[in-house]
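Note sheet for the following structure.
Predicted model only: the values in this text are computed from it and were never measured. A, B, ... follow the sequence lines: proteins, then strands. Residue 1 opens every chain.
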There are 2 protein chains.
Amino acid sequence: MQLYFIIFVAMSIIRRTKSVNDITQFFEESKYAVSVVNLVERFKEKMNKTTVYRILDKLENDGVIHSFIGRDSLKWYAKCQGCQSGHHTDTHPHFQCNSCGRVECLPVKLQLPEIQNLSIEYAEVNLVGKCTECSN
Amino acid sequence: MQLYFIIFVAMSIIRRTKSVNDITQFFEESKYAVSVVNLVERFKEKMNKTTVYRILDKLENDGVIHSFIGRDSLKWYAKCQGCQSGHHTDTHPHFQCNSCGRVECLPVKLQLPEIQNLSIEYAEVNLVGKCTECSN
DNA sequence: ATTAATTTGCAACCAAGTTGCATTAGTTGT
DNA sequence: ACAACTAATGCAACTTGGTTGCAAATTAAT
């Protein structure tokens, strides 16, 4: 309830388009990462797939969401926590359950290996395995 | 020179098809990972793209090469060191230089984070940055 | 040598993602 | 309130990585 109120206020103040709001709100409420095909399917009644792609690009540039490429070659999106515009420092690992397919962001700091003579700008870490519910 | 001899002997003993040999030999000689588009382009005079895809699948299943998905959504291949058939335990990180585009396997053991209640089967780690030559 | 099994090429297809352009919606100035 | 402008959206066509079905060719088996 509070969440909806906050979203409503944010919508009123920032004044974005209806489409951008729809997708933004979806990410606010979603706990897991979502693939781009899923998003296009999910919003196909409300907007064109081109629009979905464009809004996702925009939201990513604005630091609202971040993306990564899954083992399925698809682009997956999830909301950012602590990412600034154009500077996604929050390169946490992503976990995909190969049983139920669910993808989630892991709240873990990565310790990147120090490689001689290589300057690493960011890391993409995808962990694949079984989630809690599927391993029971 | 020794390398060529070894390849020749291996070719004679294992008796694979010409196409499989061409691609296998390419990976023996190549130091870096190669994208699938590059491979199709590289062998387009010698064989059909369907054949390339099929051989890559086969070689990966046989544990000769391994693949990973790059930030460009493309499938990249590199030769395996110490991978057994169907069991790619050697999940080392891959590094892609975002200046020259070169992709290489890093001979580094990964320390995967222990996540509660998640059983992680494998990890895909892609590091992006600048390589030695490009950072000078 | 004839048959059976594998491999390859080809064309058509599928799906993710992009582009150009016309249309609509939203903003601003007068 | 209306015209003029700007930004957002829809649509269709296109590009590209990847797959599939089937026929032709090559290789292996009897």
Who pairs with [X] by salt bridge (charged side-chain N to carboxylate O under 4.0 Å, His left out), at least two apart in sequence or on another chain?
| X | value |
| --- | --- |
| A:Lys49 | none |
| A:Asp57 | none |
| B:Glu121 | none |

For residues 124-134 of chain B, which residue pairs qualify under salt bridge (charged side-chain N to carboxylate O under 4.0 Å, His left out), counting only residues two or more places apart or in two chains? A:Arg71-B:Glu124, B:Arg102-B:Glu133
Among residues at least two apart in sequence or on other chains, which ones pass side-chain hydrogen bond (donor to acceptor under 3.5 Å, both in side chains) with [X]?
| X | answer |
| --- | --- |
| B:Asp72 | B:Trp76 |
| B:Glu104 | none |
| A:Arg42 | A:Asn38 |
| A:Thr50 | A:Asn48 |

For nucleotides 20-26 of chain C, give me one character per nucleotide, 5' to 3': B if any protein heavy atom sits under 4.0 Å from the base, S if the only such contacts are to the sugar-phosphate, - if neither. -------
Rounded (10°) bend between the five-pair end axes of the helix from C:dA1-D:dT30 to C:dT30-D:dA1: 20°
Which residues in residues 37-48 of chain A have a heavy atom closer than 4.0 Å to any atom of DNA chain C? A:Val37
Sequence-distant partners of A:Tyr53, ring pair (Phe, Tyr, Trp, His ring centres under 6.0 Å), two or more places apart: none
